Amino acid sequence: MRSKNQNLKRGGHGILTADGKPFDVPVKGSVGLLALGYRGLMAWRARRIEEGYEPKKKDGGK
Amino acid sequence: MAGSKKKVLLIGWDAADWKIIHPLMDQGLMPHLAGMTEKGISGNLETLDPPLSPMLWTSIATGVRPYKHGITGFTEVTADGKGLRPVTLKNRRKKAIWNMLSDHGYKTHVVGWWPSHPAEAVNGIMISNFYQRAGRPITEPWEMKKGTVYPEDRAEQFAAMRIHPGELTENHMAAFVPKYGKVDQEKERGLQTLARILADNSSIHAAATYILEYEDWDFMAVYYDGIDHFNHAFMRFHPPRREHIDKRMYEIYKDVVTAGYRYHDMMLGRLLNLAGPDTTVMLISDHGFHQDHMRKHKLLKDLAGPADEHSRYGVICAQGPGIRRDDLLYGAGILDITPTLLNIYGLPVGRDMDGSPLALHETPLPVKSIPTWDEGDARIHGQADTMDEMDRDALQQLVDLGYIEDPGKDEEAAAKKTTMENQYFLARSYLDGRKYEEARSAFAGLFAEKPWERRFVQGLISCLMKQQHFNRAEKAIETYRQAALKRQDELAAEAEKKEKEYTRVDPGPSADLMRASLFMSQQRADDALPLLQPHAQSGLAHGKLHLRIGNCMTMKQDWKQAAVAFREELKYNFDEPEAHHGLGYVRLREGKPSEAVEHFLDATGLRFQYPVAHYHLGEALYKLEDWENALRAYRVALAMQPGMNKSRMRIIRILEEKLERPDEAAPYREMISDPGMETVYVVTGLPRSGTSMVMRMLEQGGLGLYADRERSADTDNPHGYYEHLSVTRLAKDSRWIGEAAGKALKVVSPLLPYLPPRYRYKVILVERPLDQVMQSQQVMLRNRGKSKSISYSMRVMDSYRKVQQQAEDWFSRYAQLVEVLRLPYEEVVANPHAAATRIREFTGLPLDTENMQRAVDPTLHRNKSAPRQSSPA
């Protein structure tokens, strides 16, 4: 079992590329981030907050 | 026990199908699943009927069929009987794997299983299938229904991991629909549907990955509905484009299904990474999905309509410690999953389960068993009994997916309809489980209520045919035809009142095809053909029409016409394995084994789980004296159908006589000696040798008879004939023999070689001098006015000698399966007590010998030299 804080490193919102570098999380997200699951989702949401990005109301959903 | 090192991750991908996965893996588009197949074992996973996901996933989780676990549809009626809601756990009557593992202290988590609401108290976290649904716009609060998360104090934490479709952006849409900009979102809902599926499954994935990464766990089950939902919404646009599909829509949505699979593979990669190499990972689907020319143009209107798109085989792939690597698994079914999981944990399998552990490991794991895991009332106790707003939203989603009709505003009417539909699904489940009496009862109730509904009469006659009630089946078909005509009159009149158009549908063709099935089940090809052929000639595209004609021609041994019909079927559907098999069988019987092999290979290539095709492949190879390959084919047939003793006998013969490897044959011989095999008690002899008398003795002794009393008593046999009509057709159809297991069955000697070697037979051979038999038969013929002579034909007598020799050959050929008690007729009559005692000892049954001897009427024994009257048959 790991601690969440251990994983949320500075830069890349805890997401690293295959060669160990911080991943530049796109503010509009990506399928790859969703496929990472909890960590990808949290990284994306953190990036959105940093950028002040709010989803458009008409982007999918009801 | 808690703290065990054994860890299992069970991943459910609804509707995943190798037919679409294999090409994607070949192109390198699903690397994680491809890796799993290399590191582990994979194969088809056979579904159940009806292939409806909530029923199937509950069977997967419990190891039992739906009529045992109690989940019988997409929706259920609320306790007050007035409302409708998506199916919950309220009606589940059996423990699920997570209950069993929790009971044994394993840290157990479940995410999104369908159905799993309200979440149960497991030894871990359970998140129900009501978790991911966003029924409101993103601007409104997204509440989570009570009971969605166990333990309840974790609900808020997991609520934050849900992804609303409104959060998704063009980055996400572009991965599935590169031309998303061309979609007119005011008119088309494609992108909304896509966003909902992606958000739902990503929510499930976020929760699952959180648990895997941050919680202790021994077992984790996670279910994704994405592939099924992508398929139902977008498979129609999957390449190749069919003519009726709009070109513009095709260009926009043609990549969605492929992208959906790729997304699942990406998620799989993350799960495998979190699970680690020491975990057993098992990926399964509940059924497949037609992705080629078998895709439907139009779905049926009943609630099982969407299931028409589902195909028979889902997927299974497993990797982990001790599991066979880069190997194929055959004959697995969804009922085997829970027994397999229990086996991995070293826990006993319930003997009331309908599946059994799969042989996944290099070294087979020992199997333990207990009578049941369900002591007392295992019913799950949920919370809500009335429908709330969230149920309404969830219900609407099922409507949107096409799984259910819009219930409308009349909830009571909708509830009534749901009760009927669920009863229909239950009836199909009984039929699938070969519980014919229960199925017949359920279908009969539905048919009584709506005799014009084809699906109800079809179910009913399927049961009646299995039960050999052919006359009742015939009457049911006629009742349907008349009711359907009357119903059409009513609907036409209603339409006229409303000044609407109404198109009548003639029930005649459906009734004809049902009658044809009825005749075919009685091996009456000559009666079935006139009903089938006009539809074939008119070009009416009824399913598998030419296949059925081919089967009729095969029954008639008209090999030429059978081949023509099978080829016609293949013109329509080249992937029809039964047509390839039919053609192979024709070639085999025509003495062309090389050609037959090619067709059998086509058939088994299309449907590997096809034991009779493997058996016939073995026959063709045997004829070609290709012993090793014949052996392989017989072994595959046997692995798929362990009761197929004719394969076992062939294997023994090849190993002992052709390959001279008797040591290898020994286990097969032992299997044949298995005392658990079902026994049929056969009374045999030539006609008029005293077989009816012995049948009567057995009846009086307390043994059940397999006899239909169709042939009534007469002067020749004053106590009756104790026969069953099916026996007269034994040479053509022996499928019914199982119904005679444990009972006494009268089979005249000429038909003995047609008894299938999948049962054990205890044969009581009533022996009588041939001249006495002939004299008795002659009297009987005279009594019936069929002969005036008092002498009998020597030619017939010679032929009976041959019959007796054939019976002796059969006894010796199947000596492992057949035990024989030779009972001289005269001894029975002279000393009924001794005969009764011998019979009791031979059968090993606690028969009442006092009653048995009273069944023998010595006055029937006539003067051997002056046969004025007949003696018993």
Side-chain angles (χ1 to χ4, degrees), chain A, chain B residues 32 134-140 142 158 160-176 185 189 191-199 201-217 259 262-271 273-274 393 396:
Chain A
M1 196 167 73
R2 283 169 269 185
S3 138
K4 277 174 274 183
N5 293 331
Q6 277 178 297
N7 292 309
L8 294 174
K9 295 173 186 170
R10 278 180 176 276
H13 302 85
I15 310 291
L16 302 178
T17 60
D19 53 6
K21 292 177 182 166
F23 176 64
D24 184 15
V25 175
V27 70
K28 290 195 173 183
S30 71
V31 167
L33 283 169
L34 293 180
L36 269 183
Y38 173 76
R39 284 225 257 160
L41 176 65
M42 292 303 132
W44 176 37
R45 284 180 175 167
R47 178 70 201 272
R48 274 175 13 203
I49 291 167
E50 282 174 10
E51 297 292 323
Y53 174 82
E54 283 298 317
K56 286 177 189 171
K57 286 173 191 173
K58 283 190 178 178
D59 280 357
K62 285 198 171 185
Chain B
H32 301 295
R136 294 282 178 270
I138 195 168
T139 49
E140 293 181 19
W142 185 5
F158 281 99
M161 295 176 207
R162 296 173 304 169
I163 300 165
H164 194 285
E167 275 187 271
L168 301 180
T169 71
E170 58 267 34
N171 280 12
H172 303 102
M173 297 299 104
F176 292 81
Q185 292 198 57
R189 295 184 63 194
L191 291 186
Q192 288 179 34
T193 302
L194 172 59
R196 184 195 56 71
I197 300 170
L198 186 56
N201 285 273
S202 301
S203 298
I204 291 289
H205 189 57
T209 49
Y210 174 86
I211 292 170
L212 286 175
E213 191 164 12
Y214 300 114
E215 300 287 332
D216 282 331
W217 64 281
R262 293 186 67 187
Y263 180 56
H264 278 70
D265 190 71
M266 292 164 75
M267 292 194 286
L268 174 65
R270 178 63 172 155
L271 294 174
N273 180 262
L274 289 170
D393 292 337
Q396 185 57 44

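Owing to the predicted nature of the structure, the values given are computational and were not obtained by experimental measurement. Note on naming: letters A, B, ... go to the chains in the order of the sequence lines (proteins, then strands), and numbering restarts at 1 for each one.
- Heavy-atom distances place no part of A259(B) under 4.5 Å from chain A, backbone and side chain included.
- Applying the side-chain hydrogen bond (donor to acceptor under 3.5 Å, both in side chains) test to R47(A) and every residue at least two apart in sequence or in another chain returns D24(A), E51(A).
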Would you please test F176(B) and V31(A) for side chain to side chain contact (heavy atoms under 4.5 Å, CB included) and show each step?
-> CA-CA 9 Å; F176(B) 292 81; V31(A) 167; 3.9 Å; yes
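- The two residues M266(B) and G32(A) make their nearest non-hydrogen contact at CE-CA, 3.5 Å.
- In this structure a side-chain-to-backbone donor-acceptor pair under 3.5 Å is present from N171(B) to G29(A).
- Between Y53(A) atom OH and E167(B) atom CD the span is 10.0 Å, to the nearest 0.5 Å.
- Between A160(B) and M42(A), the shortest heavy-atom contact is O-CE, 4.2 Å.
- Proximity to chain A (any heavy atom under 4.5 Å) is restricted, for L198(B), to the side chain, taken from C-beta onward.
- Contact count against chain B (heavy-atom pairs under 4.5 Å) is highest for L36(A) among L33(A), L36(A), L41(A).
- In this structure H172(B) satisfies the side-chain hydrogen bond (donor to acceptor under 3.5 Å, both in side chains) test together with T169(B), sequence neighbours excluded.
- Interface summary for chain A: among M161(B), M267(B), E140(B), the most heavy-atom pairs under 4.5 angstrom belong to M161(B).
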